[in-house]
> 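This is the structure I want to talk about, given as structure tokens.
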2 protein chains.
Amino acid sequence: MNDTDQWLSADEQRSWRAFIRLHQKLVARLGADLQSHSKLSGADFEVLVALTDVPDGRVRFQDLAKEIDWEQSRLSHQIRRMIKRDLLSRKECAEDGRGAFVVITPHGRETIEAAAPKHVATVRSLVIDALSADEFAELGRLSERMLEQIDNVSK
Amino acid sequence: MNDTDQWLSADEQRSWRAFIRLHQKLVARLGADLQSHSKLSGADFEVLVALTDVPDGRVRFQDLAKEIDWEQSRLSHQIRRMIKRDLLSRKECAEDGRGAFVVITPHGRETIEAAAPKHVATVRSLVIDALSADEFAELGRLSERMLEQIDNVSK
DNA sequence: GTACATTAGTTGACACGTCATGCATCACCG
DNA sequence: CGGTGATGCATGACGTGTCAACTAATGTAC
């Protein structure tokens, strides 16, 4: 195994680091922004958005977890915390005694509707406006390709 | 404010989601991979790599924080945890009574040297191999542009 | 129906990151 | 020298994420 197998080249290194840093900064910045305007974390936001996309604002845990691609346990913890803050509520499932629905509360709906425009504007100003439409689309394509790769490469 | 200002277009939405998901999955996957092979977290890895890049494996806290672009307090917590595990040690700074050096221990060095090749191989297989060299370089350029944008847009 | 595996969701322990705060030490000015 | 602010780092509280273990209901086979 030579150096080019074992390590990244200088160019690769640079691209890779920029890519990773970008993610860290972006998530930190978007999270802080959300928090300061709406008392929501990025996680809260993602859950609430998924719930507004759904009729009755009501979903089974499993379906929600799949929709946003989260582990079951992570979702469970998150939901519990959000219920405490009256953003969500739990509803037993009649068809399956084990299951449960997550329901968005009125307060949850108000909160997400108030937060979304500002958040989207921030995403625009930080990311989309940094690139041309073509570049942004290209970024999307590359991301999708890498996502496929990750799903395909078995652990 | 019309819809195109307030929300993302369908294409933008798709690109944006892919981009965000990609990072989430990638970080999760790389972290799990590192953990299973070397008992290191992604954070451990980043710190150790920075320390191997430096003469004597010894740096001031500030410099390290700047190098890896972390908040001071985050670094402080991380270092403390790593010292407990004998990956690093602390050394008082003679020139500045407030300051301190972080030093990589022999065990830390062994660990990172054992972990790096496997980790790099994983990065290759998950990311770099999914793209052509040109595409990967393009990804790096786009990342750098967005990073600049984030740093420029004042809070 | 009883036994066993599967599935839905919960929980506790622990690592991680952020924020605000605390506390020495240093630098500088008078 | 003494005071004052800035700098370097630590710490506690808290929200978050992962892993492994757990409970309870469901499905399946006999």
Side-chain angles (χ1 to χ4, degrees), chain A residues 20-21 23-36 38-47 59-85 87-103 155, chain B residues 23-36 38-47 59-85 87-103 155:
Chain A
I20 289 298
R21 287 287 151 77
H23 170 62
Q24 298 181 50
K25 281 212 175 186
L26 198 50
V27 169
R29 179 68 174 268
L30 290 176
D33 191 70
L34 260 175
Q35 193 71 44
S36 69
S38 19
K39 310 293 180 194
L40 291 179
S41 67
D44 299 334
F45 190 85
E46 192 159 1
V47 168
V59 213
R60 286 287 295 266
F61 265 74
Q62 293 293 324
D63 298 336
L64 181 52
K66 212 167 188 174
E67 172 70 20
I68 61 182
D69 201 14
W70 280 18
E71 287 190 9
Q72 231 296 311
S73 141
R74 176 182 179 187
L75 186 59
S76 187
H77 283 301
Q78 181 69 28
I79 298 296
R80 178 175 40 72
R81 291 186 297 251
M82 291 178 76
I83 288 177
K84 271 189 200 159
R85 292 156 57 209
L87 296 166
L88 305 177
S89 65
R90 237 188 95 101
K91 203 166 175 307
E92 300 301 320
C93 178
E95 304 96 62
D96 187 333
R98 300 163 297 183
F101 290 104
V102 192
V103 191
K155 211 169 209 167
Chain B
H23 280 295
Q24 294 177 356
K25 279 213 175 185
L26 198 51
V27 169
R29 179 67 174 267
L30 289 176
D33 191 70
L34 260 176
Q35 192 71 44
S36 70
S38 17
K39 310 294 180 194
L40 292 179
S41 67
D44 299 334
F45 189 84
E46 193 160 359
V47 169
V59 213
R60 286 286 295 266
F61 265 74
Q62 294 294 325
D63 299 335
L64 181 52
K66 212 165 189 176
E67 170 72 19
I68 61 181
D69 200 15
W70 280 18
E71 286 190 10
Q72 201 276 320
S73 139
R74 176 182 179 187
L75 185 59
S76 187
H77 284 300
Q78 181 69 29
I79 298 296
R80 179 175 40 73
R81 290 186 296 252
M82 291 178 76
I83 288 177
K84 270 189 201 159
R85 292 155 57 209
L87 295 167
L88 304 177
S89 64
R90 238 188 93 101
K91 203 165 175 308
E92 300 303 319
C93 179
E95 305 96 59
D96 187 334
R98 299 164 296 182
F101 290 104
V102 192
V103 190
K155 212 169 207 166

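Not measured: the values here are computed from a predicted model. By convention in this document, chain letters (A, B, ...) are assigned in the order of the sequence lines, proteins followed by strands, and residues within each chain are numbered from 1.
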> Quick one: E92(B) CD to dA24(C) P, roughly how many Å, whole number?
14 Å

> Partners of E95(A) by salt bridge (charged side-chain N to carboxylate O under 4.0 Å, His left out), sequence neighbours excluded?
none

> Among residues at least two apart in sequence or on other chains, which ones pass ring pair (Phe, Tyr, Trp, His ring centres under 6.0 Å) with F61(A)?
none

> List the residues meeting side chain to side chain contact (heavy atoms under 4.5 Å, CB included) with S38(A), not counting sequence neighbours, and say none if there are none.
L34(A), L40(A), A115(A)

> Hey, could you give me each pair passing salt bridge (charged side-chain N to carboxylate O under 4.0 Å, His left out) that has a residue in residues 64-79 of chain A? Not counting sequence neighbours.
D69(A)-K25(B)

> My understanding is that only residues two or more places apart in sequence, or in another chain, count here; which of them pass side chain to side chain contact (heavy atoms under 4.5 Å, CB included) with S73(B)?
H77(B)

> Send over the distance from K39(A) NZ to dC19(C) C1', rounded to a whole Å.
12 Å

> What is the distance from CG of L75(A) to P of dT18(D), rounded to the nearest Å?
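Result: 12 Å.
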
> Between the protein and nucleotides 5-8 of chain D, which nitrogen or oxygen pairs come in under 3.5 angstrom?
unit_1, atom_1, unit_2, atom_2, d
dT7(D), O2, R98(B), NH1, 2.9

> How would nucleotides 12-17 of chain D be written as a contact map, 5' to 3', with B for base contact, S for sugar-phosphate-only contact and - for no contact, using protein heavy atoms under 4.0 Å?
B---BS

> Among residues at least two apart in sequence or on other chains, which ones pass ring pair (Phe, Tyr, Trp, His ring centres under 6.0 Å) with H23(B)?
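H23(B): ring pair (Phe, Tyr, Trp, His ring centres under 6.0 Å) contacts with F19(A), H23(A), F19(B).
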
> Figure out the NZ/P separation between K91(A) and dG9(C), and round it to whole Å.
14 Å

> Whole Å only: how far is the CD atom of E95(A) from the C1' atom of dG27(D)?
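Atom-to-atom, E95(A) to dG27(D), this comes out as 17 Å.
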
> List for me each residue that meets salt bridge (charged side-chain N to carboxylate O under 4.0 Å, His left out) alongside R60(B), sequence neighbours excluded, and say none if there are none.
D96(B)

> Using only atom types and a distance under 3.5 Å, with no angle test, would you say the side chain of D33(A) pairs donor to acceptor with the backbone of L30(A)?
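Pair absent, no side-chain N/O of D33(A) close to backbone of L30(A).
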
